[in-house]
Amino acid sequence: MANYENIFKKVVAHCKEYGYIFQSSEIYDGLAATYDYGPNGVELKNNIKNYWWKSMVNMHENIVGLDSAIFMHPTTWKASGHTDAFNDPLIDNKDSKKRYRADILIEDYIAKIEVKIEKDCLKASKRFGDAFNKQKFITTNSRVLDRQKQIDIINSKMNAFLSKGNLKDVKKLIEELDIKCPISGTNNWTDVRQFNLMFKTQIGAASDNSSDLYLRPETAQGIFVNFLNVQKTTRMKIPFGIAQIGKAFRNEIIARQFIFRMREFEQMEMQFFIRPGEEIKWYKYWKDFRMKWHTSLGMGEDNYRFHDHETLAHYANAATDIEFKFPFGFKELEGIHSRTDFDLKAHQECSGKKLQYFDPELEENYVPYVLETSIGLDRMFLAILSSSFTEEKLENGENRVVLNIPPILSPIKAAILPLTKKDNLPEKAREIMKSLQIDFNCQYEEKDSIGKRYRRQDAIGTPYCITVDHQTLKDNTITLRDRTSMKQERISIEKLHSIIAEKVNISRYLG
RNA sequence: GCGAGUGUAGCUCAGGGGUAGAGCAUCACCUUGCCAAGGUGAGGGUCGUGGGUCCGAAUCCCAUCACUCGCUCCA
């Protein structure tokens, strides 16, 4: 485990040293869990986006793209359930230092009373034997009725306090019920505090007549509210999908582990609209398809696994995660959720606009069901970097650090290196650079020894190094060095373009 | 928010009351020319910030800020 942490630290340091990721606002001591993508980072990120977009949008006739705004009408979040579900009242026990959701503490207390009722029933059924009628017992037995009354009172009090945001009374209720911390066994509680997991901001420059807005906590809702716009303008027929890449914001209580969990992050989402009743078929299809996308990159099939959810979110009836083996263990990389018609129905109710589809085959109107695939772009970035980071011991005893990034995703595809700075080699090298850079991101370097330049390119994951030497001037050949094997091959300049193109050709991966 | 740890050069770190250090990196010149480490020279730091103790603080004390890790949350 210590070794894993070590590798993770090295990856983080490597990201900074080679221009992949910087701490945000570093000159002001940084901002917690916020990071900037440097020159190589932004290239890798764009390449990941492109690889996803190609596979999801361009290669599916029935999936189209969208880029919806980060600002949305506040009612959106009412409809999606985020305004309620993203608001957690939290309370700490001062003795055990444990933090709990205040409402769950109370609910657990209620659950205990319910267990008592069950026990009463059990006892009674033994006593009455076959004549026992549970329904009748519950509605008539005075002890059960008392317990039920207690539950109802607690529930209504809690709901009243929570909906009014009356946190002091929530604490009072916990104290009245003498709810104790399961760890410390004491009722030494802090005040209840509200954690709003959505970022709030205002629209309108004058603060007195501005209205509250939220930064979107997921991109999906922009797709749902545009469902009809997209369907009508593209004349899509169900089943069809809408894909979107964009930033989302969550005020996580803790945001840690480098770019794995940030408050500002980027998602690549696709919502697939289907006939009600066909969700399991499509759930299976997308599970399979998305896993194939991941393994197509060749980063090792053992590094991925599914984690099916047992408890489901308020909108889902089936859910799985694709987990990746990060340096700190298997963690969620992508989610595939069967979201039923929860979202569209909720928007239909909140907006008063019909969000239905007329199915010509079935000759009926319905609110489509939705199958979602949602992958964290930053997590994908971290997955690629942490799995491609390699420290090697070479035969001559030297160490080499190389990023074995899948070539199609590498920020730089080829480095063009004149062996020396003289004898017209730089001019020749720049000539080659010109012929390649329109199709491939290339880098020219003439500083330092050739070995040093190779290692620098290894460290940023450049798949090919092209070295121009004196022989090049005579016969138009160069040496082509492969990043992973370090093998060199003498080839003619005319062949260069097709060799690189073959290596980074997307159909090699997704074909 | 609580607990622990860390802040010294671009990076990795040493120094623990008496003139601010090393390696790597950077820049210049020379040398070499296919796998990071040749030579000479140069630049770069109010030792996270503020206060205190002291003749004197990077060093001791107090406060504060930031980051890292752990706990609570995670659609």
Side-chain angles (χ1 to χ4, degrees), chain A residues 5 8-10 12-14 16-19 22-34 80-82 85-102 104-105 181 183 190-191 193 195 197-198 217-218 220-221 248 250-258 260-261 263 265 267 269 309 311-316 319 321 328 331-332 335 337 339 342-343 372 374 376 394-396 398-402 417-423 425 447-459 465-471 478-481 483 486-488 490:
Chain A
E5 276 167 26
F8 187 47
K9 268 188 184 166
K10 282 182 184 168
V12 174
H14 193 88
K16 186 184 176 184
E17 191 173 354
Y18 291 96
F22 307 124
Q23 170 79 221
S24 160
S25 316
E26 199 185 58
I27 63 166
Y28 293 108
D29 289 326
L31 182 64
T34 313
S80 70
H82 286 82
F86 252 58
N87 257 323
D88 294 338
L90 299 180
I91 189 166
D92 294 6
N93 183 274
K94 288 180 189 167
D95 298 313
S96 66
K97 312 282 185 202
K98 288 279 168 191
R99 173 170 294 167
Y100 300 91
R101 272 179 55 180
I104 286 181
L105 274 183
C181 166
I183 307 272
T190 63
D191 287 342
R193 282 163 309 171
F195 281 72
L197 295 231
M198 286 195 290
E218 64 175 16
Q221 300 305 326
R250 293 179 194 178
N251 218 343
E252 304 278 356
I253 300 168
I254 53 141
R256 289 278 167 80
Q257 272 157 331
F258 198 39
F260 184 81
R261 178 173 292 116
R263 298 195 170 94
F265 60 103
Q267 295 182 305
E269 285 199 328
H309 287 209
T311 54
L312 298 166
H314 58 273
Y315 53 71
D321 293 339
F328 40 84
K331 297 274 177 180
E332 179 185 355
H337 293 179
R339 291 182 79 130
F342 176 90
D343 299 277
E372 168 189 88
S374 171
L394 300 180
E395 282 173 14
N396 62 10
E398 279 178 350
N399 290 317
R400 181 172 87 121
V401 173
V402 50
L417 318 168
L419 193 57
T420 79
K421 268 188 268 191
K422 321 174 283 202
D423 306 333
L425 297 186
K447 235 191 93 60
D448 293 318
S449 75
I450 191 70
K452 253 186 199 178
R453 282 179 275 167
Y454 286 156
R455 297 300 173 83
R456 265 205 298 265
Q457 294 300 329
D458 290 342
C465 284
I466 297 161
T467 307
V468 176
D469 58 15
H470 292 87
Q471 195 185 330
I478 49 84
T479 56
L480 187 67
R481 173 187 179 273
R483 171 194 70 195
M486 296 170 71
K487 289 223 173 75
Q488 286 178 286
R490 186 123 211 136

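On a predicted model such as this, the values are computed, not experimentally measured, just so you know. In the text below, chain A, chain B and the rest are named by the order of the sequence lines, each starting its count at 1.
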Measure from the side-chain heavy atoms of F8(A) and tell me the nearest of C74(B), C69(B), C35(B).
C69(B)

Mapping P418(A) and G451(A) to their closest nucleotides on RNA chain B, which lands nearer the 5' end?
P418(A)

Write down the distance between CD1 (I450(A)) and C1' (G33(B)), rounded to a whole number of angstrom.
9 Å

Quick one: which of C35(B), G33(B), C34(B) gets closest to the side chain of T479(A)?
C34(B)

Measuring from L417(A):CG to I466(A):CD1, what's the distance to the nearest 0.5 Å?
8.0 Å

Rounded distance (nearest 0.5 Å) linking atom CD of Q457(A) with atom OH of Y18(A)
10.5 Å

Ignoring the backbone of Y454(A), work out which of C69(B), G33(B), C35(B) is nearest its side chain.
C35(B)

Looking only at atom C1', what distance separates U40(B) and G5(B), rounded to whole Å?
43 Å

With syn defined as a glycosidic angle within 90 degrees of 0 and anti as anything else, the base of G16(B) is syn

Residues forming a salt bridge (Lys or Arg N to Asp or Glu O under 4.0 Å) with K16(A), sequence neighbours excluded
E26(A)

Sugar-phosphate only, base, or nothing, as touched by L31(A) at under 4.0 Å among non-hydrogen atoms
sugar-phosphate

Tell me what R400(A) touches on the nucleic acid: a base, only sugar-phosphate, or nothing, going by heavy atoms under 4.0 Å.
nothing

At under 4.0 Å between heavy atoms, what does K487(A) touch on the DNA or RNA strands: base, sugar-phosphate, or nothing?
nothing

Looking at the side chain of K16(A), which of G10(B), U26(B), C34(B) is the nearest nucleotide?
G10(B)

Remember a base hit wins even if backbone is also touched, and classify Q267(A) as base, sugar-phosphate or nothing at under 4.0 Å, heavy atoms.
nothing

Output the rounded distance in Å from CD (E26(A)) to P (U68(B)).
12 Å

Heavy-atom side-chain contact between Y454(A) and M486(A) under 4.5 Å
no

With P as the reference atom in both, quote the distance from C71(B) to U8(B) in angstrom, rounded to an integer.
27 Å

Can you tell me how far C1' of C34(B) sits from CD1 of I466(A), to the nearest Å?
15 Å

G7(B) and A58(B): how far apart are their P atoms, nearest whole angstrom?
16 Å

Give RNA chain B the dot-bracket treatment, 5' to 3': Watson-Crick (N1-N3 with N6-O4 or O6-N4) or G-U (N1-O2, O6-N3) under 3.5 Å, [ ] crossing, | other strand.
((((((((.[[[[.)..(..]]]].(((((.......))))).....[[[[[..)....]]]]])))))))....

Across the strands shown, which category fits D469(A) at heavy-atom distances under 4.0 angstrom: base, sugar-phosphate, nothing?
base

Would you say L419(A) and Q471(A) make side-chain contact, with heavy atoms under 4.5 Å?
no

Beyond-backbone contact of L31(A) with R263(A), side-chain heavy atoms, under 4.5 angstrom
no

If we take the C1' atom in both U59(B) and G16(B), what is their distance in whole Å?
5 Å

Rounded distance (Å) that lies between atom P of A9(B) and atom CD of E17(A)
15 Å

Atom pair distance, as rounded to whole Å: CZ in R453(A) and P in G33(B):
14 Å

Check this one for me: any side-chain N or O of K452(A) less than 4.0 Å away from OP1 or OP2 of A25(B)?
yes

Distance check needed: U72(B) C1' versus R261(A) CZ, whole Å only.
12 Å

Per K422(A) side chain, nearest of listed nucleotides C74(B), C35(B), G33(B):
G33(B)

Find which nucleotide of RNA chain B each of T420(A) and A33(A) is nearest to by heavy atoms, and output the residue with the more 5' nucleotide.
T420(A)

Could you give the distance separating G48(B) and A20(B) at their P atoms, to the nearest angstrom?
14 Å

How is Q488(A) classified with respect to the nucleic acid when contacts are heavy atoms under 4.0 Å: base, sugar-phosphate, or nothing?
base

Measure CZ/R455(A) against P/A37(B) and give the value in whole Å, please.
9 Å

Among C69(B), C34(B), C35(B), which nucleotide has an atom closest to any side-chain atom of M486(A)?
C35(B)

Taking the side chain of Q23(A) as heavy atoms from C-beta outward, which of C35(B), C34(B), C67(B) is closest to it?
C67(B)

OP1 or OP2 of C69(B) less than 4.0 angstrom from a side-chain nitrogen or oxygen of K9(A), does that happen here?
no

Scanning both residues in full, the closest heavy-atom pair of A33(A) with R261(A) reads CB-O, 4.3 Å

Sequence-distant partners of R456(A), salt bridge (Lys or Arg N to Asp or Glu O under 4.0 Å), two or more places apart
E445(A), D448(A)

Looking at the side chain of D448(A), which of C67(B), U26(B), C34(B) is the nearest nucleotide?
U26(B)

In whole angstrom, give me the gap between the P atoms of G21(B) and A37(B).
29 Å

Using whole Å, what does the distance between atom C1' of nucleotide U32(B) and atom NZ of K447(A) come to?
14 Å

Note: H14(A) and A459(A) closest approach over all heavy atoms is NE2-O, 2.7 Å

Nearest-Å distance once atom P is located in both G39(B) and U32(B):
15 Å

Nearest-Å distance once atom C1' is located in both G45(B) and A4(B)
29 Å

A37(B) OP1/OP2 closer than 4.0 Å to side-chain N/O of S449(A):
yes

Lys/Arg-Asp/Glu bridge criterion (N-O < 4.0 Å) met for R339(A), E218(A)
yes

